[in-house]
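Written out below as structure tokens is the structure these notes cover.
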Amino acid sequence: MPDGLMLSAWLIALLQALLYVALAPLLIGWVRKVKARLQNRRGAPLLQPYADLRKLLIKETRVPHTASPLFRMAPYIVFVATWLAAATVPLVALDLPIARIADIIVLVGLLALARFFLALAGMDVGTAFGGMGASREMLISSLAEPAMLMAVFTLAMTAHSTSLESVMSHHLADGFVLRPSYLFALGALLLVALAECGRIPVDNPATHLELTMIHEAMLLEYSGRHLALMEWAAQVKLLLYGVLIANVFFPWGVGREFTPLALGLGLLAVLAKLALLGAALAIAEHVVAKMRLFRAPAFLNLALLLALLGLLSHVILEIGA
Amino acid sequence: MDMNPVLPLAGLAVALALTSSAVSLFASREPRALRRFAMPLVGLAGLAALAAGLWALIADGSATATLPLGLPWQPWRVRVDALSGLFLMIIGLVTVAVGIYGRSYVRSYERGRDSLTALGGFTGLFLTGMLLVTLADDAFLFMVAWEVMSLSSYFLVAFQHEHAANRRAAFLYLLMAHVGGLTILLGFGVLAAFGHGFEFTAMRDAVLSPGWASVAFGLVFVGFGMKAGLMPLHAWLPEAHPVAPSYISALMSGVMLKMAVYGFIRVVFDLIGDIQWQWGVIALLVGSVSALMGVLFALMQTDLKRLLAYSSVENLGIIFIALGLSLVFLGTGHSLLGSLALLAALYHSINHALFKGLLFLGAGTILHGTHERDLEQMGGLLRRMPWTGAFFLIGCLSISALPPFNGFVSEWLIFQSALQAWQLDSGVLRSIIPIASAVLALTGALVAATFVKVYGIAFLGQARSRHVRHARQGAVGMRVGMGLLAGLCVLFGVLPTQVIALIEPVSVQLLGGGLPESGAQGWLWLTPISSDTASYSAPLTILLLALIAGVAFWWFARGVPRRIRRSDPWDCGFAPPSPRMQYTAASFAQPIRRVFGLLFEIDESRPEFDDPAPRYRLKLTDRAWGLFYIPVARAVESASRRVVRLQSGNVRVYLGWTLGTLLVLLWIIS
Amino acid sequence: MTLALLPLLQQFVLLLAALVLFLSFVLLAQARLISAIHSFAWQGALVAAVTLTVAVAGETHHLYFSAILTLALKALLIPWMLHRLTRRLGLERHTEDLHWPTLAIMAAVVLVIFSYWLVTPMVAQGLAFTRNIIAVSLAVVLIGLLMMVVRQQAVAQVLGFMSMENGLFLAAVSATAGMPLVVELGVAFDVLVAMVLFGVFFFQIRESIDSLDVDRLNRLTETADPVGANPFATTDEVSQ
């Protein structure tokens, strides 16, 4: 790649990464809005999450007496690791150099890094809730992560590559093919996304004081900018999963060259896909009730089963003699 | 090869280790001899081994020699090549750290009743045994060195023998080490019968029929698998490793288990040669079971050192998954992928030596500072011992396979090789390998849960007992020893391309090819197969992580209203939390215990709700005992009960048996 | 990549076959009887859809008829009968605790790989499409049998039996473009009669041992022990 093109590619990668943090609150706002409408409420404005973040950022930050330095480091690590993971998922354009830093497995690893520190931060203050949240989070993730990796392996084995870009280009080049394995992988990834982002059948994002909380229990002691970073990271994570599902399974529309037109079209396409996914999420959360904690393993076992069937149906049905 | 300094360096390492052992003989009269001379000599021996190993890997030439020792018709032969160089390097890296650490650690024994002579003497012998295992070039020296290693570590396990549990653990260890040694010997016997000699060169040239090759593979797999602690032959490991002094545990888990890996690779990849893919499937299955069960048991433990020992079972399982993949690929003629999986296994061997060494040293520092191994009594140690806390965190992150630390790179490489399963012709293999990698993924996630528990319970929160609240910071030497390993964990994680280039000669030597593409895009990019297939840039990952974190921190932490106020924890408005309200290690693991409850034998008793002195009791047993060990023990017992009838007490009956045996033997050989 | 070269209709058949397999897993692990019946109905509908697709692709007219027959029988009539049966037996809220659901699923996965391995020798070039479908059908049959092994509830066992039949039908339709119409009608009639007989039997069994737990049938051995051959058998009572 010539130097000039390389430079512009890095610039676009940087812009795309910034777009992730910029768009993440919007997606949450959209989901909440749709949900409110479904419940016959008017709901908060679409941009409310931005206002919330801003409020948290300018507020005073409190740290418990019993907290160690890790408590203050964790929000930065969680935010940065999640962001870096997101930045490697193609949002508007393919062939960006940043995607080569990390393939899908590294992406899963970065999310695991963020989760590791999130759980540690929950245990740091030494309250009962923090430990509870950390323990449950590790239970959920220890079942969700293999399902996610297996779903991703299905895609990787089809494209013979673990790079997200190659998976998407391979999919685009093949045109419209009905792959049973993709269907299963999509199902698995949807379930995993619900579990990992703390959405409704597994965790309730709207709760603050409930014995069943998971994600919120780990953040109880955070305030001010630390809380803002943690919340923002969670929003980026939701966006990441949304883009992953939207762009990997339905890659059509993503920009393949670095012209303003292609990039603009890519942005429009991904926004449309995300709006649809967000609405679907809102409807699902509206229809489904939260499960008790020990039903969650069954939910995730279904994800594992789907991912496993995806792999098997790839091996059995899609590879010839 | 007169100019090759590899053998003299390796010989120097052995000599230093033996000297350290000899110096310790004076420790009974002068306790400080151990600290002043024996431990530094161990460190120097490690340094010499490291130099020899690095030289063998970088200068890439093998050197052989015949020693004027051994039997008259069978002099001992030694050889250093890339493979033994790599394992010399592993021994060296951990031993240097242990030498520095041990100097401070043994001080606590100086006033105790335990025999320092035994401690120092057997440490030196143990190191000698491990060094000679890697150097041996004939089965005779190999077995002698192997037994020296096993026996001296037996005495180290039995070091604090006043506790009955330690004696029991040591006996179990001795028993299983001997059964393992026996099967290895039989394996060598098969090879020697076909190669007409005990030298490795003769065995290498031996032509085995596929059946006999499989027999030899089975024997050495059982033997080395027993040493490596693979399920279901692992029972000795979680008993023996925790009871030794901590730096010995670091050597045993970090290095001695690698000797089993070395032996397996040496015999199967090097000596047997004609690899069959079925062996790979067996190794893959056993490795997967060990990895998963190992981590589940680790997660359930509340004794820190026992937990680390179970986690060694898991890591050796991962190494054998990679070795199994390599065997499958080699057996089906995919030599590039075979190299990839083999290098992944070797990489993980190095990594495990580093982070498990680090974690055991950390556990030793905690034990030293608090006299506590039980996680349920710990808490808040990060504030009492910040350096240990920081290094231990690096160890936890590395072992949990999180980027950008070293454990991640090797697991990433294993995943990459597993994902190449589509190249195989057999559909069954194509479907088994991804399932094995799914097991690996599950294992990885559970490891993260395990070490969140360890770190969160031990170092975070508040102290759960008085002696932990007044924990002492470890001595400087201990911190330096841990810091060295922690630094290496980061280094091996951030520079994977260089590490691959360093260890590539092993696969070139054994399989005739390495990974030509791995560094093709420059040192920043690790591309094991090709840049289209997968790429990972650890340096850029850590650079970006640090850069963005720095910018974010600067952005948020500037200005006036940015200061932080300390306050009481909120905890949903409940009463101020007391240490007893924290989650315990057992409660942290409870959800996962419930989900995987089928795999354990759980004996749990909960207090009644009106119990005035409520006690909760939980006992978890390995099902392997009921399924495997107890039946074997019963069979042996009933067999011996039958044999015992020979013991009539009459001397003439015994003489009759002797006469009968003699006659039969004479008849056989005539 | 072979899949991308297949015509779209064949891809569709593969997709449907994969879903049939998935529903077999759901049937195996589904604790609620009513939900299991629904899954079975969906499986029947999918088999009918496969038949229809094969009919469209191969322009074999009698397959249209058999698609309609399958849909009517397997997706509507039999599920409806089972539904009515469970209601009359008072089993609507019946859930069955599978002892080791994960183990059953793992066994089913092994069966899938095993059936793939079994059909591998059919490496006649160009038969890959057929072979893959046959592997799936065989797996469906075996999982149906496995379901009959692991379930204690008689109605669930009938579901396992019927889903075995689904697997056979799938193989017949996709591998040979359907059996002759006469045979198909005969099989359909058999299944229907079997269903009716099962219904009658259920009432008889419950009349005599007051439960539909097939483990209770152990008592029918000719032992002198009046308490029952297996004192540890779980007493999964019918909720009435």
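Below, chains carry the letters A, B, ... as their sequence lines are ordered, and counting in each starts from 1.
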A345(B) and A322(B) have their tightest heavy-atom pair at CB-CB, 3.6 Å
Sorted by chain and number, sequence neighbours left out, side chain to side chain contact (heavy atoms under 4.5 Å, CB included) with L146(C) holds for L28(C), A107(C), A108(C), L111(C), V150(C)
Applying a strict 4.5 Å limit to non-hydrogen atoms, the region of V109(C) in contact with chain B is side chain
Contacts satisfying ring pair (Phe, Tyr, Trp, His ring centres under 6.0 Å) that involve residues 21-55 of chain C (not counting sequence neighbours) are F184(A)-F22(C), H38(C)-H83(C)
Sorted by chain and number, sequence neighbours left out, side chain to side chain contact (heavy atoms under 4.5 Å, CB included) with I592(B) holds for L139(A), S142(A), L296(B), L299(B), M300(B), L446(B), A449(B), F596(B)
Verify the neighbour count for atom CZ of F628(B): are there more than 12 heavy atoms of other residues, nucleotides or ligands below 6.0 Å? yes
key: 4.5 Å side-chain heavy-atom contact, V452(B) and F588(B)   = yes
Under 3.5 Å, which donor-acceptor pairs link chain C to chain B? Give each pair on its own line with the distance.
residue: Y116(C); atom: OH; partner: R430(B); partner atom: NH2; Å: 3.1

